[in-house]
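What follows is a single structure, written as structure tokens, with notes after it.
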Amino acid sequence: TEVNNYMLTDKNLSYSAKGLLAYMLHNNAQWRYYICKLKEVSTDGETKISSILKELEEHKYLVRRKFREKGKFKYKFMIFDMPFDYFDKKRKELEKNWADEADTITVVATKTIKFDNDFILNKELSFKAKGLMLFLLSLKKDQEISRKLLENNSTDRESSLRTGIKELSKFEYIIKS
């Protein structure tokens, strides 16, 4: 699976949101999402998953529409690997700085990261641990990893990070030193 680095380094998202978003992006477009089914692919419960989905909505990675079908409420999801207004903001920012030169091209692109589906499908890992692992994979090869680096790249705090690191260590995705 390949995901956009932008969402992995978005400081406004928790590692749980990054993990759930990566899981959702790894599935094909015809995949149907139900909270009870998302619960089956992590250790997170329905309440936690609902709050993660709200976080993704707030930061414009997810649009969710509620509708009624045969007396029951259902949702439709639209998922984005970057905030859906990113390119509009970027375009306006770039246009302000455009020189009056003809025949110039501006490329607006972001990096992606490829990862093995193994850990994203591990049902014994929380979405926080999955998001944390993806962030770690997005770092440069010999980059030093500190608590401050991890805290500065999400909304998670120290105790929350410890939980995610403990999970990844348990399954030997990382080795603490």
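Paired with Val3 under the rule side chain to side chain contact (heavy atoms under 4.5 Å, CB included), one option of Ile120, Leu21, Thr112, Leu8 passes, and it is Leu8.
Going from atom OG of Ser14 over to atom CZ of Arg157 covers 11.0 Å, rounded to the nearest 0.5 Å. To the nearest 0.5 angstrom, Ile79 atom CD1 is 4.0 Å from Met24 atom CE. Here the CG-CG distance, from Asp44 to Leu38, works out to 10.0 Å after rounding to the nearest 0.5 Å. A distance of 13.5 Å separates CG in Leu20 from NZ in Lys18, rounded to the nearest 0.5 Å. From Thr163, atom OG1 reaches atom CG of Leu132 across 10.5 Å, with rounding to the nearest 0.5 Å. Atom CG of Asp10 sits about 10.0 Å away from atom OG of Ser154, to the nearest 0.5 Å.
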Candidate pair His26 and Leu121, rule side-chain contact (heavy atoms from CB on, under 4.5 Å), full reasoning: CA-CA 10 Å; His26 118 280; Leu121 296 174; 3.5 Å; yes
side-chain contact (heavy atoms from CB on, under 4.5 Å) assessment of Lys166 paired with Ser169: CA-CA 5 Å; Lys166 196 181 283 185; Ser169 295; 5.7 Å; no
Worked check of side-chain contact (heavy atoms from CB on, under 4.5 Å) between Glu55 and Asn12: CA-CA 9 Å; Glu55 179 183 352; Asn12 298 309; over 6 Å; no
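Taking 4.5 Å as the limit, some side-chain heavy atom of Ile165 sits within range of a side-chain heavy atom of Ile174. Residues Leu150 and Leu136 have side chains in contact (heavy-atom distance under 4.5 Å, counting atoms from C-beta outward). Side-chain contact between Phe171 and Glu124: present, with at least one pair of heavy atoms (C-beta onward) separated by less than 4.5 Å. Taking the side chain as every heavy atom from C-beta outward, Leu149 and Leu139 approach each other to under 4.5 Å. At a threshold of 4.5 Å between non-hydrogen side-chain atoms, the residues Tyr61 and Asp81 do not count as touching.
Side-chain N/O atoms of Ser160 and Lys128 include a donor and acceptor closer than 3.5 Å.
Applying the side-chain hydrogen bond (donor to acceptor under 3.5 Å, both in side chains) rule to pairs touching residues 130-152 yields Arg147-Glu158, sequence neighbours excluded.
Cation-pi check for Lys66 over Phe73 is met; the charged atom lies under 6.0 angstrom from the ring centroid and within 45 degrees of its normal.
Between Phe119 and Tyr173, the ring planes are perpendicular. Angles over 60° get that label, and only those under 30° would be called parallel.
Sparse packing is recorded around CD of Glu172, with 12 or fewer heavy atoms of other residues, nucleotides or ligands lying under 6.0 Å away.
The cluster map of Ile, Leu, Val, Met, Phe, Trp and Tyr, joined by side-chain heavy atoms under 4.5 Å apart, puts Phe84 and Leu53 in different clusters. Criterion: ILVMFWY side-chain heavy atoms under 4.5 Å apart, direct or through other members. Under it, Phe80 and Leu134 are not part of a common hydrophobic cluster. No single ILVMFWY cluster, assembled from side-chain heavy atoms under 4.5 Å apart, contains both Val63 and Leu25.
No donor-acceptor distance shorter than 3.5 angstrom exists from the side chain of Ser42 to the backbone of Lys39, with no hydrogens or angles considered. Counting only distance, with no hydrogens or angles, the side chain of Asp156 and the backbone of Leu161 share no donor-acceptor pair below 3.5 Å. When atom types are taken as modelled, the side chain of Glu167 and the backbone of Ser126 share a donor-acceptor pair closer than 3.5 angstrom. Looking at His59, its side chain never comes within 3.5 Å of a backbone N or O of Leu56 through a donor-acceptor pair.
In this structure, Phe67 shares a hydrophobic cluster with no other residue, the cluster being traced through Ile, Leu, Val, Met, Phe, Trp and Tyr side chains under 4.5 angstrom apart.
The minimum heavy-atom distance linking Arg64 with Ser50 is given by the pair NH2-O, 4.5 Å.
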